[in-house]
Engineer: 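Dropping the structure in here first, questions after.
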There are 2 protein chains.
Amino acid sequence: MNSLRADAVRNREHIADIARQLFREKGYDAVSMDEVAKTAGVGVGTLYRHFPTKEALYDAAIQAWVETVNAAAAKSLAGEGSPRDRLLAWFQAYVEFLTRHKGAAWRITSALGDEGSPFATKCRTYLDANQRVIDALAAEGAMRRDVDAMQLCRLVGGVAAVVDNSDLDAEAAKSMLAVVADGVLAD
Amino acid sequence: MNSLRADAVRNREHIADIARQLFREKGYDAVSMDEVAKTAGVGVGTLYRHFPTKEALYDAAIQAWVETVNAAAAKSLAGEGSPRDRLLAWFQAYVEFLTRHKGAAWRITSALGDEGSPFATKCRTYLDANQRVIDALAAEGAMRRDVDAMQLCRLVGGVAAVVDNSDLDAEAAKSMLAVVADGVLAD
DNA sequence: TTGCTAAACGGAGACACCCTCCGTATTGTG
DNA sequence: CACAATACGGAGGGTGTCTCCGTTTAGCAA
């Protein structure tokens, strides 16, 4: 049923691998499509047949690690400790994911609420995970009533974007996330 | 003593005016230098003699409104109300300033801590204003001890960037800023 | 194996962007 | 009024994303 030719499949995966490596090292803006093509040993035409835009390529490159976010959320929730500790742990994992590839945090956070974006499915994943965390903590009466997942995604995504952009260390990230956590937890 | 020719002064101001208008309407990325030159009725050469880079032009275009931030900080501090209300009012004014020009919030927040950036002086202004607000509230014992101006600039700047990027309304901005405010105020 | 067709390939080049260079035009001073 | 000194304009260099199309190759059928 798969009408793709074997060489096409091979090339597609190879290109995505190379792109993942390059984006991770240098960040979105610093990697050109020509560079990806040359490094992968293919022509730009081939590159563009597999990935119609640079954003689509980026989306494919960061696909794998995004899928693990659900596991991280579940793990944070199952952990021991106070609601604050668990919320903070989740936030930290979330930021770590978002900043894993330079430039990804801002691109994904920017796409929140934009259904047409190539990152829409990733946003959905994040939103859902956040929602589950909120629900779990709310069930214990630990959350304020008026916080919603989108708001939290934006807040934490904003922190992640700043952390990514300014190359802040984990400690600085944690102190900012603590502010957010204290702001959304019930008094 | 001013060695600038009259036509040069005229052109410089005219270009800055046009650029301010264009940037405000369309955002940084969506305005090209060719467009600014054409709209202003000058050649690109002239444009680049007055403003050596696009960022320098942007900096000049947003100069005026940044200078009023100090007044806004003072006003927010002098206002009546609880520490929370006053802090929130300042945050809202801050975000309003940052989002006045599309794209400015992220650019300025990104430049925090980068002394070499063309926006360094604007960052300084914001940092200082935030520091004054923190000091005033801390003197009343309303602030947590461990928050600093840079951290706050980043948090609020991150919110501003998200608000700007997603075209959120004032209400959405306020609810996010309330989270930050509650996170930094003493329990 | 061989022949054929649909699919995939590669890279020249279109277009847009930021910015530079230099011949031309203008200003204002002696 | 002449003549530096200064400012002007726009062609074009370098780099980026993306398209188009002639060429090559994979996979199947005889």
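Below, read A as the first sequence line, B as the second, and so on, with proteins coming before strands; counting in each chain starts at 1. A quick note: this is a predicted structure, and the numbers were derived from the prediction, not measured.
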Engineer: Rounded to the Å, how far apart are Asp29(A) CG and dC17(C) C1'?
Structural biologist: 14 Å
Engineer: Quick one: closest heavy-atom pair of Met143(B) and Ala138(B), and the distance?
Structural biologist: CG-N, 3.7 Å
Engineer: Return the minimal non-hydrogen interatomic distance between Arg86(A) and Ser76(A), and the atom names on each side.
Structural biologist: CG-O, 3.6 Å
Engineer: How close do Asp164(B) and Gly103(B) get, counting heavy atoms only, and between which atoms?
Structural biologist: OD2-N, 2.7 Å
Engineer: I want to confirm an ordering. Mapping Asp7(A) and Ala8(B) to their closest nucleotides on DNA chain D, which one lands closer to the 5' end?
Structural biologist: Ala8(B)
Engineer: Once you round it to whole Å, what is the distance between C1' of dG10(C) and CD1 of Ile15(A)?
Structural biologist: 12 Å
Engineer: By the 4.0 Å heavy-atom rule, please label Val36(A) as base, sugar-phosphate, or nothing.
Structural biologist: nothing
Engineer: From C-beta outward on Asp34(B), which listed nucleotide comes closest to its side chain: dC19(C), dA7(D), dT17(D)?
Structural biologist: dC19(C)
Engineer: Looking at every non-hydrogen atom in both residues, tell me the closest pair between Ile134(B) and Asp148(B) and how far apart they are.
Structural biologist: CD1-C, 3.7 Å
Engineer: Counting only non-hydrogen atoms, which of residues 45-54 of chain B are less than 4.0 Å from DNA chain D?
Structural biologist: Gly45(B), Thr46(B), Arg49(B), His50(B)
Engineer: If I take atom CD in residue Glu13(B) and atom P in nucleotide dA7(D), what distance separates them, rounded to the nearest angstrom?
Structural biologist: 14 Å
Engineer: For the pair made of OH in Tyr28(B) and C1' in dC18(C), what is the distance, rounded to whole Å?
Structural biologist: 9 Å
Engineer: Which atoms form the tightest heavy-atom contact between Thr99(A) and Ala160(A), and what is the distance?
Structural biologist: CG2-O, 3.5 Å
Engineer: Enter the inter-axis angle for the ends of the helix from dT1(C)-dA30(D) to dG30(C)-dC1(D) (five pairs per end, rounded to 10°).
Structural biologist: 10°
Engineer: Between Phe97(B), Phe91(B), Trp90(B), which is the residue that forms a ring-ring contact (aromatic ring centres under 6.0 Å, His included) with Tyr94(B)?
Structural biologist: Trp90(B)
Engineer: Closest heavy-atom contact between Ala72(A) and Ala93(A)?
Structural biologist: CB-CB, 4.4 Å
Engineer: Is Asn11(B) close enough to dC8(D) that one of its side-chain N or O atoms is under 4.0 Å from OP1 or OP2 there?
Structural biologist: yes
Engineer: Nearest of dC19(C), dA26(D), dC17(C) to any side-chain atom of Val44(B)?
Structural biologist: dC19(C)
Engineer: Measure from CZ on Arg5(B) to P on dC8(D) and round the result to the nearest Å.
Structural biologist: 7 Å
Engineer: Assign the ring pair Tyr58(A) / Phe23(A) to parallel, tilted or perpendicular, where the plane angle (0 to 90°) is split at 30° and 60°.
Structural biologist: perpendicular
Engineer: CZ of Arg12(A) versus C1' of dC9(C): gap in Å, rounded?
Structural biologist: 16 Å
Engineer: Heavy atoms under 4.0 Å, any strand shown: does Ala6(A) hit a base, just sugar-phosphate, or nothing?
Structural biologist: sugar-phosphate
Engineer: Starting from P on dA12(C), measure out to CE on Met33(A) and report it in whole angstrom.
Structural biologist: 18 Å
Engineer: Is there a donor-acceptor pair closer than 3.5 Å between any side-chain N or O of Thr125(A) and the backbone N or O of Thr121(A)?
Structural biologist: yes
Engineer: Please state how far atom CZ in Arg10(B) lies from atom C1' in dT27(C), giving the value in whole angstrom units.
Structural biologist: 10 Å
